[in-house]
Amino acid sequence: MQNLTILGSTGSIGVNTLDVVARHPQRFRIVALTAKSRTDVLLRQCKQFTPQFAVLTDAEAAKAFEQSVKEAGLSTRVLCGVEALEKVARLPQVDTVMAAIVGIAGLRPTLAAAGSGKKVLLANKESLVTAGGLFMDTVRSHGATLLPIDSEHNAVFQSLPRDFDGNLARCGVRRILLTASGGPFRTLPLDQFEGITPDQACAHPNWVMGRKISVDSATMMNKGLEVIEAHWLFGAPPQSIEVVVHPESIVHSMVAYVDGSVIAQLGNPDMRTPIAHALAYPERITNGVDILDLTAAGTLHFEKPDWGRFPCLALAFEALRAGNGAATVLNAANEVAVERFLEQKLKYLDIPHLIEAVLTTVHASAAHSLDDVLALDHEAREQAWQWGRPSNTAIGGRVAGTIAVVVQS
Ligand code: NAD
Ligand code: MG
C-alpha cells in the first residue's frame with residue numbers, strides 16, 4: 001500500500017491523479033489532500049477518499065470547510081496555511097507526494113517533500129525553474145526519488161536507460177528533443193494577436209489544463225519553463241535541448257543518441273499516462289487511457305518553432321543561459337504577466353514585453369537558499385506589477401530581434 005499526499009488535489013493534475021488512484025484502491029491510500037479555495041471539489045474528494053488531513057491555504061475557507069466536514073460525518077482534520085502544506089508533505093506515514101500546486105506557491109511544500117526523502121511526483125515545474133540547484137541538491141542529499149509528471153519529461157525519462165544516473169554523455173545521449181503542440185495560436189495570423197482574449201488563450205487544441213499553464217502553452221513559455229526543467233532533471237546543457245513543434249501531441253518527447261537512434265514515448269494526450277507511470281513506477285498499471293490508434297492519428301507533423309511568434313520561448317532559453325537567479329526572475333515575471341492577462345489588465349502581446357523588461361531591470365543574483373529564491377521572486381514580482389505601458393501592435397521588432405541572436409548562438 002502506497003500512502004499519498006496530493007498537493008493541489010482540486011486542480012487538473014490533482015483530479016487526474018485521484019482518477020487513477022480510484023482505480024487501484026488496493027495499491028493507494030490518500031492521507032492528505034490540499035487546495036487553495038475550491039471547497040466544493042475538496043469536500044467531494046474527502047467524502048470519496050476519506051483522507052486524514054485536508055489543507056486549505058485560506059483561513060476563512062478552512063473554517064467554513066471544517067464545519068462542512070463535520071456535517072458530512074468525516075473524521076478528516078482540516079488545517080490551513082503554507083506551514084500546513086509543508087506538514088502534510090512531510091508526514092512520516094506518507095510515502096509519495098504528488099506536487100500539483102501551480103506556480104511558485106508549490107515550491108515550499110514540494111521542497112519539504114524532497115527534504116523528507118519522499119517519492120516526489122513532480123508536476124509543479126515552477127519548483128525546478130525557480131530553485132533548480134537547491135531542489136536537486138535537496139533530492140540528492142535526502143535520498144528522495146524524483147519522478148517527472150510533465151508529459152514531456154516523463155516521456156524523456158521513459159526513453160532514457162533504466163539505469164540513468166544523471167550523466168547523459170555516459171549514456172550516449174546527444175540530444176533531448178522536447179515536443180510542443182504550438183498551442184492555439186500556432187497558425188493564427190500575426191495581425192490577429194492584438195485582440196487575443198484569455199478564453200482564446202485557454203482553449204488548448206489537445207490538452208485540458210489549468211488556466212495558468214494553458215496561457216503558458218499559448219505563449220510557449222510553458223515549453224521554455226520545460227527546457228529549464230529538463231536542464232535540472234536530466235543534467236542537460238541548454239545546447240543539447242531542442243524544441244520540436246508537433247501539433248498532434250502524440251509523440252510526447254524523444255531522446256536522440258550518438259549512434260543515430262531516436263527513442264520516443266507515444267500515446268494519446270492524457271495526463272493519466274505519466275501520472276500512472278510515476279505512481280506505479282517501475283510497474284505499469286491501468287488508468288482508463290485508450291490505446292493509441294496510430295492509423296486513426298494518420299500523419300504526424302514536426303516543425304521548427306517560430307521564434308518571432310513565440311518570443312517567450314527565447315526569453316526562457318536566455319534566462320537558462322544567463323544562470324544565477326535569471327530563471328527565478330523569468331518565472332516571477334511570467335506568473336504576474338499571466339495573472340494580469342487573465343484579469344484582462346494586460347494585453348496578450350505585452351506578456352513577453354513585461355517579462356523582458358523585468359529580466360533587464362532586476363539583478364538576478366545567485367540564489368543559494370530558499371530565502372534567497374523567495375526574495376528574488378518577490379523583487380521581480382514587484383517590478384512586474386509595476387510594469388505598464390501602451391501595448392505594442394506587432395510582436396516582431398525588438399523582441400524578435402533579440403531572439404534571432406539567441407537562437408543562433
Ligand atoms: P490548476 O490550476 O488546475 O490546479 C492548481 C492546484 O493548485 C489547485 O488544486 C489549487 O487549489 C492549488 N493552488 C493554486 N494556487 C495555490 C496557492 N497559492 N497555494 C496553494 N495551493 C494552490 O493547475 P494544473 O493544470 O493542475 O497544474 C498544476 C501544476 O502541474 C502546474 O505547475 C503545471 O505547470 C503542472 N502541469 C500541469 C499539466 C496539466 O495537464 N494540467 C501538465 C504538465 C504540468
Ligand atoms: Mg508539459
Side-chain angles (χ1 to χ4, degrees), residues 5-19 32-42 44-45 54-59 61-62 65 79-86 88-89 98-110 112 120-130 147-157 178-183 202 204 206-217 220-230 233 243 246 249 251-253 265 267-275 278 331 334-335 338-339 342 377 381:
T5 282
I6 303 187
L7 301 168
S9 67
T10 55
S12 164
I13 294 289
V15 166
N16 275 301
T17 304
L18 288 173
D19 181 282
L33 297 173
T34 86
K36 184 180 180 187
S37 53
R38 293 184 63 191
T39 47
D40 51 340
V41 181
L42 189 63
R44 265 204 311 277
Q45 294 178 340
V55 181
L56 280 157
T57 32
D58 183 67
F65 189 70
L79 308 174
C80 84
V82 178
E83 290 74 23
L85 292 175
E86 294 182 66
V88 296
M98 165 58 82
I101 289 175
V102 62
I104 198 172
L107 175 59
R108 282 178 59 161
T110 308
V120 181
L121 314 187
L122 189 74
N124 177 249
K125 63 192 82 184
E126 294 90 349
S127 286
L128 277 181
V129 171
T130 56
L147 291 164
I149 294 298
D150 220 336
S151 59
E152 296 77 3
H153 306 75
N154 185 272
V156 168
F157 181 63
L178 291 183
T179 51
S181 68
C202 288
H204 196 280
N206 306 334
W207 299 95
V208 181
M209 308 180 284
R211 280 171 83 76
K212 191 263 179 181
I213 185 176
S214 296
V215 176
D216 285 349
S217 298
M220 281 191 79
M221 176 57 91
N222 183 50
K223 208 50 53 183
L225 300 179
E226 290 181 358
V227 167
I228 301 170
E229 184 184 8
L233 270 177
V243 173
H246 166 46
S249 299
V251 177
H252 297 310
S253 277
Q265 186 259 355
N268 290 317
D270 189 321
M271 287 308 292
R272 290 177 299 176
T273 296
I275 289 168
N331 180 74
N334 181 58
E335 285 193 24
V338 171
E339 197 174 330
L342 285 172
D377 171 78
R381 265 166 209 276

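Counting convention: from 1, in listed order, for ligands and their atoms alike.
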TODO: Kindly give the atom name of the N, O or S atom of D150 closest to the Mg ion (ligand 2).
DONE: OD1

Open item on the list: Under a 3.5 Å threshold, yes or no: a donor from one side chain and an acceptor from the other, between H204 and S181?
Closed with: yes

Task: Residues D377 and N331: side-chain donor-acceptor under 3.5 angstrom - done: no

- [ ] Please examine the side chains of V215 and C202, heavy atoms only from C-beta on, and report whether any two atoms are closer than 4.5 Å.
- [x] yes

- [ ] Answer yes or no: is there a side-chain heavy-atom contact under 4.5 Å between L33 and L18?
- [x] yes

One pair per line, please: each N/O atom of ligand 1 matched with every protein N/O atom under 3.5 Å away, atom names first, then the distance to 0.1 Å.
residue, atom, partner, partner atom, Å
ligand 1, 3 (O), S12, N, 2.9
ligand 1, 9 (O), G8, O, 3.3
ligand 1, 9 (O), T10, N, 3.3
ligand 1, 9 (O), T10, OG1, 2.8
ligand 1, 9 (O), G11, N, 3.1
ligand 1, 11 (O), T10, OG1, 3.3
ligand 1, 11 (O), K36, N, 2.8
ligand 1, 25 (O), G210, N, 2.9
ligand 1, 26 (O), S12, N, 3.1
ligand 1, 26 (O), I13, N, 2.9
ligand 1, 30 (O), A123, O, 3.4
ligand 1, 32 (O), E126, OE1, 2.7
ligand 1, 41 (N), S12, OG, 3.2

Task: Vertex the Mg ion (ligand 2), rays to OE2 in E226 and OE1 in E152 - rounded to 10° - done: 100°

TODO: Drop me the distance from T273's OG1 to N154's CG, to the nearest 0.5 angstrom.
DONE: 8.5 Å

Open item on the list: If we check side chain to side chain donor-acceptor pair (under 3.5 Å) with K125, which of these qualifies: E152, E226, H153?
Closed with: E226

Task: Name of the residue among L85, T110, L107 meeting side chain to side chain contact (heavy atoms under 4.5 Å, CB included) with I101 - done: L85

